[in-house]
Amino acid sequence: MRPFNLESPKQLQQILFEKLQLPVLRKTPSGTPSRPKTCWRNSRRRHLLPRHILEYRGLAKLRSTYTEKLPEQIDPDTGRVHTSYHQAVAATGRLSSMDPNLQNIPIRSPEGRRIRQAFIAPPGYRLLAADYSQIELRIMAHLSGDEGLLRAFAEERDIHQATAAEVFGVAADAVSHDQRRSAKAINFGLIYGMSAFGLARQLGVSRSAAQTYVDLYFTRYPGVRRYMEATRAQARNDGYVETVFGRRLYLPEIRSRNRQLQQYAERSAINAPMQGTAADIIKRAMIAVDQWCQRDDIPARLIMQVHDELVLEVREDFLSKAAAEVGRLMSEGG
DNA sequence: GGTTCAAGCGCG
DNA sequence: AAAGCGCGCTTGAACC
């Protein structure tokens, strides 16, 4: 018998599953019992130990990846951390940031935000971040031409609230927190090509309830359903999908007899035009913003891109002018 | 000393 | 059986 390493995360988790009596919902090919991740993560509501372990993992990630590593990556010449952006990595046309990755600096947790606070501008300068609001859903509205969705955006509505009002048949100001949360999950799910099954798992409701939400959504936004169906059909016919600006993603597996590969290709076909068009738009904005920055006497520099967000370094006295101009360039393209 | 893989985490 | 897209980094295990 092999030595039993109690510090092996896998073994620890395995023992924990038994002690906590989490159900075995499937087995791996080798016969090892296995529980879905969500089951394990949900168990933290009932059990103290999983809660502590998940908290520990999050903190360990922050320490090992950011707190300990980033200071080592400071360039001695400039005193800054410099990333490399790669243009031909992500299939959808996004940039990817490497060595170090500055597109995944923490922000979602309070502890993570403390790490982000370490990123500062030089004396006399400030960081200016400008991001697109709901850009992929706006693109979905554009591509689908759905009247209801286009109207909601034209009226600058809170889109998740507006969706909830439509799907649950209530007035916008009567939408509950849970209804908005569900609508948000539906909206994200649509962008990702998610099924009713996936939505059910995400929301913790029954499959039939999730199916009801999806059906209701498509009744309210029929253009979106038409668009989704047309995109799948087009991908299957042509073997590729493309963005508004013509960037293509080839999907040979859309005709695979392997159902898993075929469905994955379908989800990619749904997602790529939206994610890819967003990538095209911000790249054009980057060119416009940088050209503006390079003009004489403009005390602002484009220093980072995070998919739907541009970050600039701006001289303090120029901040409001820069914010206005960057906003204009990002929405109108110059 | 190195590589490769999976798991698990960070972000949009 | 799997059933939500796109990424990168760290860790530990297994192996050379």
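Every heavy atom of this structure was used, including side-chain atoms; hydrogens, water molecules and symmetry mates were not. Note that this is a predicted model, so its numbers are computed, not measured. Below, chain A is the first sequence line, B the second, and so on; all start at residue 1.
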On DNA chain C, compare the nucleotides closest to A:Arg259 and A:His86; which residue's is nearer the 5' end?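 Result: A:Arg259.
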Nearest-Å distance, [atom1] ([X]) to [atom2] ([N])?
{"X": "A:Asn258", "N": "C:dA3", "atom1": "CG", "atom2": "P", "value": "12 Å"}
{"X": "A:Arg63", "N": "B:dG8", "atom1": "CZ", "atom2": "C1'", "value": "16 Å"}
{"X": "A:Glu72", "N": "C:dC9", "atom1": "CD", "atom2": "C1'", "value": "13 Å"}
{"X": "A:Gln263", "N": "C:dA3", "atom1": "CD", "atom2": "P", "value": "9 Å"}
{"X": "A:Gln73", "N": "C:dT10", "atom1": "CD", "atom2": "P", "value": "7 Å"}
{"X": "A:Gln262", "N": "C:dA3", "atom1": "CD", "atom2": "P", "value": "14 Å"}
{"X": "A:Tyr264", "N": "C:dG6", "atom1": "OH", "atom2": "C1'", "value": "8 Å"}
{"X": "A:Arg267", "N": "C:dC7", "atom1": "CZ", "atom2": "C1'", "value": "17 Å"}

Using Watson-Crick or G-U wobble geometry with both distances below 3.5 Å, tell me the partner of C:dA3, or none.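 C:dA3 is unpaired by these criteria.
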So is A:Arg248 actually on top of A:Tyr240's ring, under 6.0 Å and inside 45° of the axis?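 Yes - A:Arg248 lies over the ring of A:Tyr240, closer than 6.0 Å to its centre and within 45° of its axis.
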In whole Å, measure the gap between the C1' atoms of B:dC5 and C:dA3 for me.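 Comparing C1' positions in B:dC5 and C:dA3 gives a spacing of 24 Å.
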Once ring pair (Phe, Tyr, Trp, His ring centres under 6.0 Å) is applied, do any residues pair with A:Tyr217, and if so which ones, sequence neighbours excluded?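 Checked A:Tyr217 against ring pair (Phe, Tyr, Trp, His ring centres under 6.0 Å); matches are A:Tyr221.
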Which atoms of nucleotides 10-12 of chain B (N or O only) lie under 3.5 Å from a protein N or O atom, and what are those distances?
| residue | atom | partner | partner atom | Å |
| --- | --- | --- | --- | --- |
| B:dG10 | N2 | A:Asn104 | ND2 | 3.3 |
| B:dG10 | N3 | A:Asn104 | ND2 | 3.0 |
| B:dC11 | OP1 | A:Ile107 | N | 2.7 |
| B:dC11 | OP1 | A:Arg108 | N | 2.7 |
| B:dG12 | OP2 | A:Arg108 | NE | 3.2 |
| B:dG12 | OP2 | A:Arg108 | NH2 | 3.3 |
| B:dG12 | O3' | A:Val306 | O | 3.3 |
| B:dG12 | O3' | A:Asp308 | N | 3.4 |
| B:dG12 | O3' | A:Asp308 | OD1 | 2.4 |
| B:dG12 | O3' | A:Asp308 | OD2 | 3.3 |
| B:dG12 | N7 | A:Arg108 | NH2 | 3.1 |
| B:dG12 | N2 | A:Arg94 | NH1 | 3.2 |
| B:dG12 | N2 | A:Arg94 | NH2 | 3.3 |
| B:dG12 | N3 | A:Arg94 | NH1 | 3.1 |
| B:dG12 | N3 | A:Arg94 | NH2 | 3.2 |

What are the two closest heavy atoms between A:Asp297 and A:Pro299, and how far apart are they?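 Of all heavy-atom pairs spanning A:Asp297 and A:Pro299, the closest is O-CD, 3.1 Å.
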Start with the C-alpha gap between A:Arg181 and A:Asp178, add the side-chain angles, then the distance that decides, and say whether salt bridge (Lys or Arg N to Asp or Glu O under 4.0 Å) holds. CA-CA 5 Å; A:Arg181 199 180 117 263; A:Asp178 249 31; 3.4 Å; yes
Heavy atoms from C-beta onward define the side chain here; which of C:dT11, C:dC9, C:dC5 lies closest to that of A:Ser64?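 Selected nucleotide: C:dT11.
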Compare side-chain N and O positions of [X] against OP1 and OP2 of [N] and report whether any pair is under 4.0 Å apart.
{"X": "A:Ser96", "N": "C:dG8", "value": "yes"}
{"X": "A:Ser97", "N": "C:dC7", "value": "no"}
{"X": "A:Tyr85", "N": "C:dC7", "value": "no"}

Check whether more than 12 heavy atoms from other residues, nucleotides or ligands sit under 6.0 Å from atom CZ of A:Arg284, and answer yes or no.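 Open: at most 12 neighbouring heavy atoms sit under 6.0 Å from CZ of A:Arg284.
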Any base atoms under 4.0 Å from A:Asp99, or only sugar-phosphate, or nothing? Heavy atoms, all strands.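 If one applies the 4.0 Å heavy-atom cut-off, A:Asp99 turns out to touch the sugar-phosphate alone, with no base involved.
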Check every strand shown and say whether A:Ala279 touches a base, only sugar-phosphate, or nothing at a heavy-atom separation below 4.0 Å.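 Nothing, no heavy atom under 4.0 Å.
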Under the rule for salt bridge (Lys or Arg N to Asp or Glu O under 4.0 Å), what residues qualify as partners of A:Arg80, not counting sequence neighbours?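 If we apply the salt bridge (Lys or Arg N to Asp or Glu O under 4.0 Å) test to A:Arg80, skipping adjacent residues, the hits are A:Glu313.
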Main-chain N/O of A:Gln263 paired to A:Glu266 side chain as donor or acceptor, under 3.5 Å: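 No, the answer is negative, given that no donor and acceptor are paired below the 3.5 Å cut-off.
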